[in-house]
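In what follows, a single structure is set out as structure tokens and then discussed.
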Amino acid sequence: MIAKTGVNEVQVYRKSATITRGGEVFLKTGRNVIYIAGMTESARTDSFRLKFPENIKAINIQIVDIDKIENDDIKESEEIQKRIDEINYKIETDNVMLELRKTNCNFYSRSGISVEEQENALSALPEQLMQIHKDIDRLTAEKSRLQEEYDKAVKEEGKPLIMAEVYSENEGTVPFILQYQDDQCFWNPKYEILYSGDKDPLMVSMKAQIFQSSGEDWKQIKLTLYTGNPSVSNDIPVLSGVQLSLVEPPKPRTRAKGFGMAMAGAAMADECVEECEDAAPMMMGSAMGMQMAALKMDSAEMAEEETMTAFILPNKRDVLSDTDGNIAELKSFSVNAYYHALSIPSVDNSCYLVADIASSDWPLPPATAAVYIKDTYAGEVYVDADSDTEMFTLSLGKDERLTVVRTEAPKKTQDVFLKNTKKQFNKNEIRLVNTSSDIVNVIVKDQIPVSTDKTIVVETGQLTDGTLDAETGEIKWELKTEPDKTVTLNVEYTVSWPKDKRLYENRKKIQTKTRFCSVCGKAVTGQFCPECGARV
């Protein structure tokens, strides 16, 4: 016999899912051979597990093809096809009767029929034809419904089938559970961030977007989401031996005259300049009065397990196949933040409204967040709280209350004969204007170059009370800008280097410390792996 199953519970990981199905089967006393259906085509057939009551003992379990099983019961698709054939015969019969009725009412070539009989036959003909047409329409609709059932049955019969040979001590109907892994199911976190004002905390809603393409709609199931992936199969790291050896320096080779000069000229011409990436622009909007509150779902129950976090969703729900509209509410919370405008005019003349947040207050996986400024959509930003720093900065969009202009004065270079050096004078000016009616907290950043050679000397001049990080060359000002006021910041510095050398300027982004996920090996800068979602 073939025992059908239905999905009862699903545990979805970041890159796979565990499907739990349930069913019932009648067992007689002694040996029974049953066939269990339900695994989808995307299921990992090597991962299934069967669970029966303790008094049921397994003799043999394996995956089989439905065409090769010894089963007295006819396949469902064959049974449906017989019913479709019967309907086709009835439709064909009705069509014959339709033509026959029309032929019997043709009296041109027939004699011996009275006028009264002809009138009676013609009067009854429309109703008879209408009845036959209704019957054909009903049969056609029934055939269409059966054809859908047939296609579905054929698809089901093409799925993996489990043959279980079991021994039962008693006769009766018993429940059973089928579990397996499916890699065509996963979920991604997504945030909604609401900024209401400088004196209010950020309101954060963490949601889950659930995807599954198993080809089967999950109806009214219990659903649990996990932040990581099963990782027991990962290899344990092994130390490799480290050996030391001496390498003899290569012997100098004689080169053709002019070759060295050409190589030197090529090296002098090679300058690597990496442009800083512009921050993604987002428009701030004014608040709109709303009479209705945003629709909320019940939040999930959060459970910290040994290797990952579980979100147990309340209530049973439907998760449809091949759609990206499966959304679940996981967690809502408020987080304290220090709000200010941020300007880095050497990279971008725009100002950005940002929130500085303690990394420990944001223990969530990295994900894209939709930002709302007083219920007005402002855009999206990628959020990744870096566990290597105590604070991280979250962009809330462009701040149009401030305008910034940075100008660079022409560089002046002179020879210092007594020291046999060249000296370059640099001056930059930053003008910051608050065009709003409020006092705005602003952090402005600029930089001076950092020497990587002891023969290159960088000396600072006027920095307008800015704080200098000598290691990175970053200058930072923390300001309170008054309404309709202009703030001017000056950056002056000199660079000295040997007169017979050429000065190179290499711009590069400051790299953060790179770590690697212990589960999938991907590079990680935050608390969670962006590839598999595991906590690092």
Side-chain angles (χ1 to χ4, degrees), residues 267-281 340-354 393 395 398-417 419 421-436 440-482 484-511:
M268 293 173 64
D270 184 17
E271 297 183 8
C272 178
V273 179
E274 181 176 339
E275 297 294 337
C276 297
E277 297 179 356
D278 293 338
H340 62 86
L342 175 64
S343 174
I344 309 178
S346 63
V347 179
D348 188 349
N349 285 330
S350 301
C351 285
Y352 292 85
L353 177 62
V354 299
T393 301
S395 173
K398 281 189 176 181
D399 195 334
E400 298 179 353
R401 298 173 295 177
L402 302 166
T403 59
V404 181
V405 177
R406 181 180 185 271
T407 57
E408 294 185 7
K411 297 179 181 181
K412 298 180 180 179
T413 304
Q414 67 180 29
D415 293 338
V416 182
F417 295 102
K419 296 183 179 181
T421 62
K422 285 187 176 182
K423 191 171 188 178
Q424 185 184 81
F425 296 87
N426 301 268
K427 181 178 180 180
N428 303 325
E429 182 184 81
I430 301 172
R431 295 173 63 84
L432 181 69
V433 182
N434 181 359
T435 60
S436 71
V440 180
N441 296 324
V442 187
I443 291 180
V444 181
K445 294 183 179 181
D446 206 278
Q447 64 183 156
I448 62 174
V450 176
S451 173
T452 59
D453 191 310
K454 64 180 180 180
T455 61
I456 302 173
V457 179
V458 180
E459 296 178 331
T460 58
Q462 183 181 2
L463 298 180
T464 318
D465 298 326
T467 302
L468 174 65
D469 185 331
E471 183 177 350
T472 63
E474 180 182 284
I475 309 167
K476 183 168 74 172
W477 295 269
E478 297 188 21
L479 310 170
K480 285 184 177 291
T481 57
E482 300 288 339
D484 297 322
K485 298 291 184 181
T486 300
V487 177
T488 302
L489 307 174
N490 292 305
V491 177
E492 297 180 0
Y493 62 95
T494 61
V495 181
S496 302
W497 71 96
K499 185 178 180 180
D500 59 342
K501 303 292 184 182
R502 183 177 176 180
L503 186 65
Y504 296 95
E505 184 179 275
N506 181 27
R507 292 183 178 269
K508 64 179 182 179
K509 295 171 66 176
I510 299 174
Q511 299 295 328

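For clarity, every value in this text was computed on a predicted model and none was experimentally measured.
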Looking at CZ of F425 and CD of E492, how far apart are the two atoms once the value is rounded to the nearest 0.5 Å?
-> 10.5 Å

Can you list the steps and then say if K501 with L503 is a side-chain contact (heavy atoms from CB on, under 4.5 Å)?
-> CA-CA 7 Å; K501 303 292 184 182; L503 186 65; over 6 Å; no

V491 and I448: CA distance, side-chain angles, deciding distance, side-chain contact (heavy atoms from CB on, under 4.5 Å) verdict = CA-CA 8 Å; V491 177; I448 62 174; 3.8 Å; yes

Non-hydrogen side-chain atoms of N434 and D484 separated by less than 4.5 Å | no

Side chains of E474 and L468 in contact at under 4.5 Å (non-hydrogen atoms) | no

So do T421 and P498 actually touch side chain to side chain, heavy atoms under 4.5 Å?
-> no

Hey, mind stepping through E400 and K398 against salt bridge (Lys or Arg N to Asp or Glu O under 4.0 Å) and telling me if it holds?
-> CA-CA 6 Å; E400 298 179 353; K398 281 189 176 181; over 6 Å; no

Side chain to side chain, L432 and L489, heavy atoms closer than 4.5 Å = no

Are the side chains of V405 and P345 in touch, meaning some heavy atoms are under 4.5 Å apart?
-> no

Point-to-point distance, once rounded to the nearest 0.5 Å, from CD1 of I443 to CD1 of I344 | 10.0 Å

Might you work through the side-chain contact (heavy atoms from CB on, under 4.5 Å) test for T488 and I430, ending with a clear yes or no?
-> CA-CA 6 Å; T488 302; I430 301 172; over 6 Å; no

Which pair of heavy atoms, one from C351 and one from S343, lies closest together, and at what distance?
-> SG-CB, 3.7 Å

Is W497 close to K423 at the side-chain level, that is, under 4.5 Å between some pair of heavy atoms?
-> no

Tell me, yes or no, whether the heavy-atom count around E471 atom CD, taken from other residues, nucleotides or ligands under 6.0 Å, exceeds 12.
-> no

R401 versus V440: any side-chain heavy-atom pair under 4.5 Å?
-> yes

Before accepting this row, confirm whether a basic side-chain N of the pair R406/D446 lies closer than 4.0 Å to the acidic partner's carboxylate O.
-> yes

Would you sort out whether L342 and K445 count as a side-chain contact (heavy atoms from CB on, under 4.5 Å), showing the intermediate values?
-> CA-CA 8 Å; L342 175 64; K445 294 183 179 181; 4.3 Å; yes

In Å, rounded to the nearest 0.5 Å, how long is the span from OH of Y352 to NE2 of H340?
-> 14.5 Å

Rounding to 0.5 Å, atoms NZ (K422) and OG1 (T413) come to a distance of 7.5 Å

Working to the nearest 0.5 Å, report the span between OG of S436 and CG of D399.
-> 8.0 Å

Could you pull out all donor-acceptor pairs under 3.5 Å where a side-chain atom in residues 451-467 meets a protein atom, sequence neighbours excluded?
from, atom 1, to, atom 2, distance (Å)
S451, OG, D453, N, 3.2
S451, OG, D453, O, 2.6
S451, OG, I456, O, 2.8
D453, OD1, T455, N, 2.9
D453, OD1, T455, OG1, 2.8
T464, OG1, N490, N, 2.8
T464, OG1, N490, O, 3.2

Carboxylate-amine/guanidinium contact K427 E429, below 4.0 Å | no

Does the side chain of V442 reach to within under 4.5 Å of the side chain of L402, using non-hydrogen atoms?
-> yes

